[in-house]
Amino acid sequence: MVVKTLPEFPIKKGEPAYKLWIFEPGWKGEIPLNFNLRQVAEQKRSALLPGHRLCAGCAAPIVVKLASFAFRGPTIVVNATGCLEVASTIFPFTSWAVPWLHNAFENAASTASGVEAAINAMKKTGRLPYEHVDVVVFGGDGGTFDIGFQALSGMAERGHDVLYILYDNEAYMNTGIQRSGGTPKYASTTTSPAGEVIPGKPENKKPIADIMVAHRIPYVATATPAHWMDFMKKVRRGIEVVGPAFIHSLSSCDRGWRHENAISIEVLRRAVDTCYFPLWEWTPENGYMLTDRSLVIARNPSLKQPIEKFVEVQGRFRHLMKPENREKLRELQEYVDKVWEDLLRRASNAPR
Amino acid sequence: MSKTMIKYPIHTQEILNVNGDEAVAYAVKQSLVDVVSAYPITPQTIIVEKFSEFVADGLVHTQFVPVESEHSAMSACVGAAAAGARAFTATSSQGLALMVEIVYIASGMRLPIVMAVVNRALSAPINIHNDHSDAYLMRDSGWIQLFVENVQESYDTTIQAFKIAEDERVLLPVAVNLDGFFLSHTLENIRILPDEAVADFLGGYRKVARVKVDYYDEEVPHMLNPARPLTFGALDLYDYYFEHKVQQVEAMKNVPAVVREVNEKWQELTGRKYGDGVIETYGMEDAEIAVVAMGSSAGTIRSVIKKYRERGEKIGLVRIRLYRPFPYEDVGKILSNVKVVAVMDKAIGPGSYGALYQDIVSSLYDLSDRPLTVDYVYGLGGRDLTQDMVANMIEQVKEDVRKGRVENKIRYLGVRW
């Protein structure tokens with residue numbers, strides 16, 4: 001395997017933080033297809049600097065940090081309204097070492113379309129001092145599954161060269177844990193509370209990544225920051241493809257999922273181990289391809305954990321652990337199994 | 001100004017037979033716009049249609065983003081303008097109502113976007129024809145709002161709008177309002193400038209203003225620049241939000257001077273000017289009765305007033321060209337000697353007076369000798385304003401002057417009861 005190294009960005013002590021991410025005009029970064037991730041992670045600094053006000057245990061900053069390790073050069077970040085946006089840019093402070101734009105809740109995708117169009121126009125007239133500027137969007141599940149879906153679908157249809165990273169914490173966490181289209185069945189939220197009659201959210205999660213696959217864009221993947229190598233590879237691939245790319249990353253929220261804040265990554269690992277959130281990528285050439293842990297589970301089904309493993313550590317599913325709700329848990333298991341079987345049938349690298 | 005000083009006198013200007021929408025599209029073509037993002041809505045559609053022809057024929061370098069809604073059209077313009085591009089969009093009525101959330105964000109982020117608003121009535125009942133209810137919808141959004149009278153002015157003002165928006169003293173988005181169908185679909189012979197003259201007038205491609213940021217030791221471009229990263233659209237809590245809104249107000253204060261300047265520069269270039277750029281008056285030197293209006297109706301009203309003037313009656317017209325920021329003091333000065341002011345509002349404000357009327361009354365309040373005022377609501381949903389209606393209105397206010405008081409402050413022109 002040929003490993004091309006990325007140009008180094010030497011950091012001197014006492015230099016201002018923004019210099020970490022400066023790509024001076026005229027810089028022509030190499031865009032290697034194969035790259036040494038460990039080296040990248042060692043050399044590069046995160047686009048999200050310390051000092052943000054996200055909760056302890058939140059996976060969103062890990063998503064951003066891992067993604068930014070895989071950035072390939074000058075990058076503009078567009079952010080939808082949400083936890084990540086409000087906690088990282090409280091004026092007069094900012095945690096972003098890259099140019100960053102927040103417009104509104106539902107229009108991160110269309111805002112990024114405009115940014116990309118502007119970059120193309122300036123390139124056409126010779127006003128862009130770079131060979132290329134990548135555009136990356138971070139959006140939460142509310143701004144992606146629900147209110148922002150139209151903008152996302154429009155962006156995908158028009159084929160803008162934008163990587164959209166969804167950090168899915170499965171509810172509207174910024175406004176206080178209200179249910180979203182990404183909330184799983186039977187999860188208790190403030191607008192779908194587990195009550196005497198209704199045990200949490202009655203509907204299933206919207207299969208957003210599959211919907212993006214149906215748009216036939218060049219690259220779609222699911223990822224979690226627990227599988228960090230896999231995550232960074234996918235981000236890099238999403239940036240490298242020409243055209244829209246979509247990465248659906250599960251991102252635990254200890255406030256909303258009601259788990260110990262020290263086990264965020266462990267919860268995400270369990271989501272993959274139980275096949276609640278399988279890891280895969282999709283390209284028009286290869287179709288669905290299982291990756292990382294999910295591929296291992298597909299090859300060795302005995303490693304597949306029961307859904308209880310994912311549910312038991314989270315307070316939002318506490319009511320499911322009661323004896324009278326065993327049936328609900330079995331139903332959840334059946335749904336997860338069905339989706340997993342479905343994926344195995346479609347995945348081109350799944351063992352037959 | 002002597003004719004010899006005009007750089008492009010009228011006989012050197014090419015004639016183009018176009019409607020208002022095409023005139024706007026042509027102005028955008030000449031204005032070196034980087035990104036046009038729009039969604040079709042009657043009666044704005046022709047702007048986008050015409051412009052896509054320019055794109056398809058490779059006559060512009062513009063990236064055309066045909067988005068899936070007006071909300072996204074304005075969002076894409078915000079993204080493009082933040083990235084340092086010159087951005088344009090156009091809309092009408094319900095489209096403006098849909099994008100209004102981002103309309104506020106565009107001005108709050110101080111992005112010099114230009115938008116053509118082809119005025120149309122708001123639903124319900126659904127109606128595709130002209131009135132000003134959509135323009136009034138965005139009147140407190142922090143946008144500069146200009147109203148044009150004819151197709152020629154649509155062309156001129158669209159080019160001027162970029163110059164106004166990008167001025168370092170302003171840095172605010174501009175809405176150019178033209179009356180739906182009356183202007184958007186009516187053919188007129190207009191005079192156009194050569195491409196290079198327009199490019200020259202605007203100073204070429206957009207030059208991004210430089211701002212002082214505490215973090216950097218230098219002034220940095222106010223854009224998404226990887227070499228000098230800035231954070232756009234940060235969260236402002238109670239400790240800074242107020243100050244930032246006040247900064248918007250301060251920028252608004254510079255607008256009338258810039259509009260006047262641009263109007264004068266345009267006159268030096270083309271020989272055309274519209275009043276002082278802010279207000280255009282007709283026969284106001286000695287007028288006792290003043291009619292205040294905006295948009296295409298001014299033409300109809302002017303022709304009626306002309307007839308009255310020929311009979312020696314002292315009637316004048318005040319056409320508000322710059323509606324936001326509203327020129328309160330100037331209007332007060334112009335109307336300080338009249339006996340009655342008839343304000344013509346092309347929109348209805350249920351439970352209130354018309355929006356223009358309220359502004360005019362605010363302008364008059366500080367006068368020692370206040371004239372009588374009447375609010376005439378007319379032309380809703382595209383209803384014609386005829387010369388007879390205007391004459392009828394003038395007769396009514398003459399009667400009010402005779403009586404010395406006004407009953408029925410809100411009156412409707414041409415409505416069946």
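Lettering of chains follows the sequences in order, A, B, ..., and the numbering in each one begins at 1.
For the set B:His244, B:Met223, B:Met74, B:Arg86, the count of heavy-atom pairs under 4.5 angstrom toward chain A peaks at B:His244. The candidate with the highest count of non-hydrogen atom pairs below 4.5 Å against chain A, out of B:Gly233, B:Ala82, B:Ala87, is B:Gly233. In terms of non-hydrogen atom pairs under 4.5 Å with chain B, the most contact-rich of A:Lys124, A:Gln150, A:Glu157, A:Met122 is A:Gln150. Listed options B:Leu32, B:Val33, B:Asp236, B:Asp214 were ranked by heavy-atom pairs under 4.5 angstrom with chain A; first place goes to B:Asp236. The residue among A:Ala151, A:Ser110, A:Ala118 with the most heavy atom pairs within less than 4.5 Å of chain B is A:Ser110. The candidate with the highest count of non-hydrogen atom pairs below 4.5 Å against chain B, out of A:Met155, A:His102, A:His160, is A:His102.
Defined by atom type and a distance below 3.5 Å, a donor-acceptor pair is missing between the side-chain atoms of B:Gln160 and B:Lys163. Side-chain contact, A:Ser113 with A:Arg158: a donor N or O sits under 3.5 Å from an acceptor N or O. Between the side chains of A:Thr144 and A:Tyr164, at least one donor N or O sits under 3.5 Å from an acceptor N or O. For the residue pair A:Thr89 / A:Trp96, no side-chain donor-acceptor distance below 3.5 Å is found, with atom types taken as modelled.
Interface remark: B:Ser37 contributes no atoms to any contact with chain A (heavy atom separation under 4.5 Å). Of the two parts of A:Glu106, only the side chain, counted from C-beta on, holds a non-hydrogen atom closer than 4.5 Å to a non-hydrogen atom of chain B. Both the backbone and the side chain of A:Leu101 come within contact range of chain B, each with at least one heavy atom under 4.5 Å from a heavy atom of that chain. For B:Leu230, the part lying near chain A is the backbone, with the side chain staying farther off; criterion is any non-hydrogen pair under 4.5 Å.
Under the 30°/60° scheme for interplanar angles, the aromatic rings of B:Tyr26 and B:Tyr155 are found to be tilted.
Figure legend: cation-pi geometry between B:Lys29 and B:Phe54, with NZ or CZ positioned under 6.0 Å from the six-membered ring centre and within 45° of its axis.
Under a 3.5 Å cut-off, the side chain of A:Ser180 and the backbone N or O of A:Tyr172 do not form any donor-acceptor pair.
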